[in-house]
Trainee: 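Sending over a structure as structure tokens; questions will come in a sec.
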Amino acid sequence: MLMSSVAVGGSKAPRSWRSWPQLFTWNNVLGSLALAAAYLLGVWVGIALTFEPIAVSTLWPPNALVLAALLLTRPRVWPLLIATVFPAHLAAEIFLGVPLDMALCWFASNVAEALIGAALILRLLGRMPRFDRVRDLSVFLFAGVVAAPILSSFLDAYFVYLIGWRYTGYWELWRVRLFSNALATLTLVPLVLIWFQTGTAQLWRGKAWKKLEAAALLASICIVSVLVFQRSHAPETAAVLMYAPLPLLMWAVIRHEPNVVALCVSIVALFAITGVLDGRGPFIARSTVDAAMAVQMFLIIAESSLLLLTASLGELRHARSAARRQEESLDLALGAARMGTWEWDFASNRLSWRIGRAGRSRLRTRTVPVAQMLTRVHADDRAGVQRAIDEALAGSGDGEVECRFVNRRGASQWITSRGKLLLDRFGNPRRMIGVYLDTTERKTQELQMRTHREQLAYLSRLSLMGELSGALAHELNQPLAAILLNAQAACVQIAAPNPNLRDITEMLRDIVADDQRAGEVIHRLRALFLKGVVQVRPLAVNECIREVLALERSYLLVAKVKTHVQLADNLPRVAADRVQLQQVLLNLIVNACEAMSADEPHERRLWIESMPGGHGKVDIVIRDSGPGIDDVDAIFEPFFSTKSTGIGLGLAVSRSIISAHGGRLRASRNQPRGATFRITLPMAAEDDQGETQSAAARGDQVS
Amino acid sequence: MAYKGSVHVVDDDESFRTSMMRVLASAGFRPLGYGCAGEFLLAQADETGGCILLDIAMPGPSGIDLLKALVSRELSPPVIFVTGRDDVYTSVDVMKSGAFDYLVKPVGAERIVPVVRRALQVDAQRRTDRSELDALRRRFDTLTRSERAIFHGIMHNRLNKQLAADLGACERTIKAQRARMMRKLQLTTLPELVCAARLLETGKRMTHVAHDDDWTPAAGCAPLWSQTSQGTVSSGL
């Protein structure tokens with residue numbers, strides 16, 4: 001691991017090109033020296049692997065080492081590396097007895113190869129290649145193993161031809177050098193780069209049995225290689241035996257990281273080449289040149305295939321871990337949002353869904369038959385779910401459905417689900433996928449809010465009734481007083497010596513009529529005072545207005561307000577709760593009367609009108625001749641009151657009541673004076689609307 | 001006992017008005033009904049005397065408006081409010097404005113009849129007083145200057161002797177004039193003279209009308225309102 005300092009030095013080198021002194025940092029210099037030492041070692045290995053008659057080695061490591069060093073460092077450190085390698089190269093060559101001019105030329109061709117390879121790879125990839133990426137490996141094979149050796153070999157063979165030292169023919173030299181350098185690059189560069197990328201730390205991390213397995217693998221590779229390549233075999237078995245290390249190499253590729261693979265490959269290469277040099281092994285041919293070529297071809301093919309396989313597997317692993325990471329983050333998001341996914345496979349007619357559990361990041365997948373799933377849907381919602389499914393299968397609708405699921409303990413859970421139909425190639429429905437959302441909490445809150453709103457409306461109504469109590473008592477006392485007096489008069493009449501039966505009958509008839517009148521008043525009041533269930537039903541607006549006016553007759557008399565009522569005929573019925581609508585009307589009328597209380601009695605006028613509001617809506621307009629409103633928006637704010645006695649909830653509650661009915665309550669100023677309140681209510685869709693609404697209201701009980 | 005004057009029932013609620021008139025008729029009164037204040041005024045019913053049973057909340061002028069218009073007149077009939085409004089402010093307001101009584105609906109005959117009777121008594125008394133006063137004034141107008149001086153002197157506790165000195169006449173002359181004055185005023189005693197003087201001065205008599213709750217309904221019906229009603233204090237005199 002001599003080169004580690006080079007990598008570190010290179011990566012930590014200063015960024016500025018112009019700061020030359022910073023190039024000679026401790027790290028860079030040490031790294032360069034280490035490269036020079038490795039170069040010398042490479043030359044020694046190369047010489048050792050050289051067949052005597054030829055000037056070129058079977059495997060020439062120095063060029064590959066320089067290429068690896070260049071790839072490990074930034075381009076601005078390259079001149080330093082090359083400058084350091086130069087003396088090492090010269091010293092080694094001259095020591096080996098190579099003429100000076102030949103040594104210089106070889107340096108040029110060697111460096112050219114390394115530079116071409118490194119520049120091409122950096123140009124195409126923009127970074128150091130990773131051997132677990134198919135694209136990176138392809139670029140490395142093209143630039144480092146094919147292009148750079150081919151180009152530099154032209155140069156190299158030409159130099160030898162020029163100088164004439166051990167010249168054996170241009171194309172033979174070109175070919176031998178090409179194979180030698182290609183094999184060296186293929187064997188050594190991945191080994192060096194991978195070991196630098198992963199570092200030695202990984203070797204000691206990992207699990208103990210994994211390390212043990214790697215050690216066993218390396219040992220087996222060594223043994224098999226020795227047995228295959230370092231022994232002489234019969235020519236019949238030789239061709240087969242050279243494949244013996246392949247299963248072990250495959251084992252390395254499949255089970256281990258690229259660093260182990262690269263190590264195994266280089267071990268096999270070393271043993272194969274040395275075997276040929278010693279004249280043993282399966283690659284024995286008539287000439288040593290042919291034998292060298294055979295072993296080179298074999299190694300190049302085997303190594304590139306193995307590297308490609310490693311890269312493919314690496315990509316597969318990456319994809320798998322990326323998918324797992326995505327799934328994890330999806331699960332996290334789904335769990336956080338209390339959401340889940342489901343899938344309905346039509347072939348098996350089973351529904352599987354992923355559910356989040358509290359405190360667990362991973363979701364759990366469960367599968368049940370669809371029919372069983374449907375039995376768990378709340379009985380009231382089953383029809384809706386079936387309708388949504390039918391719509392989705394027919395391709396219409398948005399596939400959204402809201403329903404309750406009842407678990408074995410009887411607790412129900414609100415689910416909002418949205419699904420999508422997937423078709424196969426032939427356009428037939430294959431499966432349905434979707435997401436669902438647990439809306440129990442929201443539903444409970446909605447229910448709570450509605451309860452609060454109703455309670456507020458009730459309290460507000462009570463306070464309104466308190467304000468009106470005098471007038472209401474009068475309304476009730478009138479018939480009661482008449483009944484009492486009629487009864488007493490009838491008693492006197494009966495006790496008379498000759499009672500007038502006709503008079504008595506008339507009195508009794510009046511008593512009955514007044515009693516009915518009192519009963520009606522009580523009936524209306526009862527509804528307003530009771531805290532009944534809100535029932536949205538089709539409602540005739542005019543009837544509602546008339547009842548309110550009947551209740552407020554005395555109030556309007558006392559307030560000395562002249563009332564003009566103009567009700568349109570043939571109005572559609574609206575979907576509303578009678579009591580709540582009457583409350584709003586009472587409130588608006590009382591407000592108008594109180595607003596006008598400071599005016600002269602003959603100026604106090606109130607108009608109450610009903611009219612079609614367009615788009616199937618009904619408008620109720622309450623207009624007064626009072627001083628008007630200063631701030632049209634502020635009056636609907638809670639606790640806003642212009643009255644000395646009011647708490648300022650009446651209009652806020654009125655607006656929330658009308659909004660809950662899907663309508664609008666607006667206020668505006670009149671010219672020259674007065675205020676107009678306009679209630680717009682949607683028409684009742686059908687007469688059975690009330691039924692479904694109340695069914696929905698019943699169904700809101702979440703346990 | 002026959003009561004002079006009618007009972008005017010002013011109420012916009014026809015049913016109540018009818019029943020009230022029936023009860024009053026059965027108690028021996030002469031009820032007359034009106035739907036609103038305007039109707040009552042147009043009939044000029046207040047001229048004939050009697051009393052008024054009045055509602056407050058009515059279309060047009062309210063009962064209180066009518067009361068305020070009536071009390072400014074001379075010899076206005078007593079006004080009894082019969083209304084559904086049971087609040088202190090309204091009742092205090094109408095009583096201050098000069099109402100005779102204030103009854104809250106529903107109210108039975110046992111409450112209404114004594115009140116109406118007292119109101120009619122008061123009205124009758126007022127009318128009697130009024131006619132007595134008119135007569136007394138007419139008689140007073142016939143007095144000479146010296147007779148009037150003697151009248152005022154007696155009122156200021158002057159003896160005949162002192163009066164003679166005051167007027168510069170002899171005592172005999174004073175005595176004669178005093179006797180003539182008493183004759184002209186149709187008075188015989190000194191207390192009568194004092195009463196007449198107060199009547200002339202304030203328009204009010206110094207007599208007291210006793211409470212009279214002895215109205216009894218026809219026999220057989222008594223249990224309905226046999227309990228003695230809590231008679232409201234009369235504001236008359």
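Below, chain A is the first sequence line, B the second, and so on; all start at residue 1.
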Trainee: Please determine whether the number of non-hydrogen atoms from other residues, nucleotides or ligands lying under 6.0 Å from atom CG of A/Asp630 exceeds 12.
Mentor: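 For A/Asp630, atom CG is not crowded (no more than 12 foreign heavy atoms under 6.0 Å).
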Trainee: Which atom pair, heavy atoms only, marks the closest approach of A/Arg553 to B/Asp12?
Mentor: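 Scanning both residues, the minimum pair turns out to be NH1-OD2, 3.6 Å.
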Trainee: Shortest non-hydrogen contact from A/Leu557 to B/Ala57?
Mentor: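 A/Leu557 and B/Ala57 have their closest heavy atoms at CD1-O, 4.0 Å.
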Trainee: In this structure, are over 12 heavy atoms from other groups packed under 6.0 Å from A/His564 atom NE2?
Mentor: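 It does: A/His564 NE2 has more than 12 such atoms within range.
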Trainee: So which of A/His602, A/Glu506, A/Lys562 has the largest heavy-atom pair count under 4.5 angstrom toward chain B?
Mentor: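 Option with the top pair count is A/Glu506.
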Trainee: Tell me, do B/Lys105 and A/Leu480 make a side-chain contact under 4.5 Å, heavy atoms counted?
Mentor: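 No. Closest side-chain heavy atoms not under 4.5 Å.
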Trainee: Within a radius of less than 6.0 Å around CD of B/Glu14, do more than 12 heavy atoms belonging to other residues, nucleotides or ligands occur?
Mentor: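 Open.
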Trainee: If you take all heavy atoms of A/Ala489 and B/Ser26, which pair is closest and at what distance?
Mentor: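 Looks like CA-OG, 4.5 Å.
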Trainee: Give, as side chain, backbone, both or neither, the part of B/Val23 having an atom under 4.5 angstrom from any heavy atom of chain A.
Mentor: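 Answer is both: backbone and side chain atoms of B/Val23 are under 4.5 Å from chain A.
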Trainee: Highest number of heavy-atom pairs under 4.5 Å with chain A: which of B/Val82, B/Asp13, B/Val107, B/Asp11?
Mentor: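 If we count pairs closer than 4.5 Å to chain A, B/Asp13 comes out on top.
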Trainee: Is there a side-chain contact between A/Gln488 and B/Val113 in this structure, where contact means two heavy atoms from C-beta onward sitting under 4.5 Å apart?
Mentor: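 Contact flag for A/Gln488/B/Val113 side chains = no.
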Trainee: Please flag which part of B/Leu24 lies under 4.5 Å from any non-hydrogen atom of chain A: side chain, backbone, both or neither.
Mentor: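 Neither the backbone nor the side chain of B/Leu24 comes within 4.5 Å of chain A.
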Trainee: Sort out for me which of A/Gln493, A/Gln478, A/Arg517 touches chain B most, counting heavy-atom pairs under 4.5 Å.
Mentor: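 Option with the greatest count: A/Gln478.
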Trainee: Kindly check if the number of other-residue, nucleotide or ligand heavy atoms within 6.0 Å of CZ (B/Arg148) is above 12?
Mentor: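 It does: B/Arg148 CZ has more than 12 such atoms within range.
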Trainee: Among A/Asn486, A/Ile483, A/Leu484, which residue satisfies the side-chain contact (heavy atoms from CB on, under 4.5 Å) criterion with B/Ser19?
Mentor: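 Testing each of A/Asn486, A/Ile483, A/Leu484 against B/Ser19, the sole residue satisfying side-chain contact (heavy atoms from CB on, under 4.5 Å) is A/Asn486.
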